[in-house]
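Structure record follows, encoded as structure tokens.
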Amino acid sequence: MSGYKISGNESLGIEFGSTRIKAVLIDEYCNPIASGSHDWENRLENGYWTYHTEDVWAGLQDAYNNLNNDVESKYGVKITNLASIGFSAMMHGYLPFDKDGNQLAAFRTWRNTTTANAAAELTELFGFNIPQRWSIAHLYQAILNEEEHVKNIAFLTTLAGYVHWKLSGKKVLGIGEASGMFPIDSSTNTYNKEMLDKFSALEKVKKYDWDIRNILPSILVAGENAGVLTEEGALLLDPTGNLCSGAIMCPPEGDAGTGMTATNSVSVKTGNVSAGTSIFSMIVLENQLSKVYEEIDMVTTPAGKPVAMVHCNNCCTDLDYWVGIFSEFANASNASLTKPQIYDLLYNKALEADADCGGVVNYNYFSGEPVAGLQDGRPLFVRAQNCKFNLANFMRAQIYATIASLKIGMEILDRENVKIDCLTGHGGLFKTPIVGQRLLAGALNTPVAVMETAGEGGAWGIAVLARYCIGRESGETLESYLNNKVFNRYKSSIIYPVQQDVEGFKAYMKSYKSGLAVEKAAAENI
């Protein structure tokens, strides 16, 4: 049993990821001391990717219960008190409620690409890029579709905001998460007033009794008190009744904000790449971009600094299915290989491949990919007649596919002369040492770091934000807190671009972009 003693001064972070709900408990120095998780998966129902509300609560309780079991196993006690709590989830999406708190429509996740008309109209109206997955795009598309529930909306939020509301009673969001609902004015850390006025003036909007200003959550920045865990909230989290109410809650954030926190990427010229079910980069800007780009989201850090975000819907899902096939083969042949061992073996094989994959191209599109101009997706593996078709090239093409869409967006930032000192990678793509890190460095021609804390990911990031709520000194900025009280104790490894990888990925991308017409045809015909 560990020498650490649970004191009730710990902080808890819980993040609802695409395939897993993870809970991480940290001590007063932000060291992870216990964790628990629950696997879940989205569903395609009635044309929308969604998660059922009952799955949210069952998953939350199971993840917390598994955390509690880990605590009891390590320290001989159950959790009864917490100093602070933070909740995070997949950004964006659509969760509308009426005045009595009844959910009006199924949760529409970031993965949906059903709001093209609304996003295009709002982008033109605002002179500001509105991605399809943003909450305002979902709301306006529901208006364009004349959906019956819209007239009854009294509150619109995200998954993180919903869970926070039910556990604290507060209808608030952290500014980073709020920036995925509606454009933010970083000079005031509020929703953009001019754009709120323009939206309200739309003829299709004016017919409703509600005001956009009143149905959006209030905005808080990192470090601000976002309420406390209520008695009802404590029972929702821990139905056994062991957990006491009263823990301070930090502003709920999206996975982008927790990713920035978990990689210490909240300062100017820093950035991170989160690579799991989806992949996205976040670059903290010195200057605003020269114009609007549909491929670039303008969001913020948890402290409100402007961030250029390249978000791609598809990353590791297709790769995971292929690894599953190899795992089935290993089991059929009675090979004594675990799935993590199979991942490591296949990833490392990719380093033996031709730098350009030898004429092999892979598209990992399970859903649409707006960055690549695709409304729908089909996983597609293509090879030239004279290609070098072997396991190494196959696996390198799988990993390249996870990065390719991101590269399309990052090329825009290159043309804008956005300076990046180093990118920090986190997520499943980087679990096998070196491989994903090296190939990403070559693809983006930028140094890539991976930290010791990368395995804890966003759940640890939101736990750190919860700790920042109670552990900072008066006036201490988030950047200072992370640099001086958190990351001064953790090591990171940096890999610099290998020129052969840089040139090889350029050649691969030429074939990849040419073949997007084939991918589009596959989505239209299969």
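- Between the side chains of D70 and Y75, no donor-acceptor pair is found at a separation under 3.5 Å.
- Not counting sequence neighbours, the partners of T258 by the side-chain hydrogen bond (donor to acceptor under 3.5 Å, both in side chains) test are E15.
- For residues 151-178, the salt bridge (charged side-chain N to carboxylate O under 4.0 Å, His left out) pairs, not counting sequence neighbours, are E148-K151.
- The aromatic ring centres of Y51 and W40 sit less than 6.0 Å apart.
- The backbone N or O of A118 lies less than 3.5 Å from no partner atom in the side chain of T115, so there is not a single donor-acceptor pair.
- Within 6.0 Å of atom CD1 in I434, 12 or fewer heavy atoms from other residues, nucleotides or ligands are found, so the atom counts as exposed in its surroundings.
- Each of M90, R108, H92, R111 was compared with R133 under the side chain to side chain contact (heavy atoms under 4.5 Å, CB included) criterion, and only H92 meets it.
- With sequence neighbours excluded, the residues that form a ring pair (Phe, Tyr, Trp, His ring centres under 6.0 Å) with Y94 are H149.
- Ring pair F182/Y191 is perpendicular by interplanar angle, where above 60° counts as perpendicular and below 30° as parallel.
- When the options L229, T230, V228, L235 are evaluated for a side chain to side chain contact (heavy atoms under 4.5 Å, CB included) with L167, the one that passes is L229.
- By the ring pair (Phe, Tyr, Trp, His ring centres under 6.0 Å) test, Y64 is found to be paired with no residue, residues two or more places apart in sequence or in another chain being considered.
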Show the atom names and distances, to 0.1 Å, of all donor-acceptor pairs under 3.5 Å that link a side chain in residues 218-227 to residues at least two apart or in another chain.
residue	atom	partner	partner atom	Å
E224	OE1	V221	N	2.8
N225	OD1	G227	N	2.7

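- Other residues, nucleotides and ligands place no more than 12 heavy atoms under 6.0 Å from the CG atom of N46.
- Partners of F280 by ring pair (Phe, Tyr, Trp, His ring centres under 6.0 Å), not counting sequence neighbours, listed by chain and number: H311.
- In this structure, the side chains of I153 and D98 stay at 4.5 Å or more apart for every pair of heavy atoms.
- At a cut-off of 3.5 Å, with distance as the only test, a side-chain donor of H426 or N272 sits close to an acceptor on the other residue.
- Q141 and N145 share a donor-acceptor pair across their side chains, judged by distance under 3.5 Å alone.
- Proximity of T270 to M260: side-chain heavy atoms (C-beta onward) are nowhere separated by under 4.5 Å.
- Between W57 and Y162, a ring centre-to-centre spacing shorter than 6.0 Å is recorded.
- Residues passing the ring pair (Phe, Tyr, Trp, His ring centres under 6.0 Å) test with F394, sequence neighbours excluded: W322, F381.
- Between K485 and E473, some side-chain heavy-atom pair lies under the 4.5 Å cut-off.
- At a threshold of 4.5 Å between non-hydrogen side-chain atoms, the residues M451 and F487 count as touching.
- Taking E28 as the reference, N9, R467 meet the side-chain contact (heavy atoms from CB on, under 4.5 Å) condition, with sequence neighbours excluded.
- Checked by atom type, the side-chain pair T53/Q103 shows a donor-acceptor distance below 3.5 Å.
- With sequence neighbours excluded, no residue forms a side-chain hydrogen bond (donor to acceptor under 3.5 Å, both in side chains) with Q61.
- Considering only heavy atoms from C-beta on, L465 comes within 4.5 Å of L478 through its side chain.
- There is a side-chain donor-acceptor pair under 3.5 Å between S11 and S84.
- Ion pairing between E41 and R20 fails under the 4.0 Å rule for side-chain N and carboxylate O.
- Side-chain atoms of T432 and D344 form a donor-acceptor pair, as typed in the model, at a separation below 3.5 Å.
- Of the residues listed (T109, T50, D55), the one engaging R43 in a side chain to side chain donor-acceptor pair (under 3.5 Å) is D55, and it is the only one.
- Proximity of L216 to L173: side-chain heavy atoms (C-beta onward) are nowhere separated by under 4.5 Å.
- Checked by atom type, the side-chain pair H52/E45 shows a donor-acceptor distance below 3.5 Å.
- Side-chain contact check for N152 and K99: no donor-acceptor pair (N or O, by modelled atom type) lies under 3.5 Å.
- Remark: S405 engages Y365 in a side-chain hydrogen bond (donor to acceptor under 3.5 Å, both in side chains) (not counting sequence neighbours).
- For the pair L482 and V464, the minimum side-chain heavy-atom distance is below 4.5 Å.
- Taking the six-membered ring for Trp and the full ring otherwise, Y321 and F366 have centroids separated by under 6.0 Å.
- Put simply, the side chain of E72 never gets that close to the backbone of K78: no donor and acceptor are under 3.5 Å apart.
- The side-chain hydrogen bond (donor to acceptor under 3.5 Å, both in side chains) search around N331 returns none, not counting sequence neighbours.
- N484 and N488 form no side-chain donor-acceptor contact under 3.5 Å, judged by distance and modelled atom types alone.
- With a 4.5 Å cut-off on side-chain heavy atoms, I79 and L67 count as touching.
- In this structure, R472 forms no cation-pi arrangement with Y481, as its terminal cationic atom is not both closer than 6.0 Å to the ring centre and no more than 45° off the ring axis.
- Partners of E232 by salt bridge (charged side-chain N to carboxylate O under 4.0 Å, His left out), not counting sequence neighbours: none found.
- We find the OG1-CD distance between T114 and Q375 to be 9.5 Å, quoted to the nearest 0.5 Å.
- Using modelled atom types, one finds a donor on one side chain and an acceptor on the other under 3.5 Å when comparing E10 with Y4.
- For the residue pair E369 / N313, no side-chain donor-acceptor distance below 3.5 Å is found, with atom types taken as modelled.
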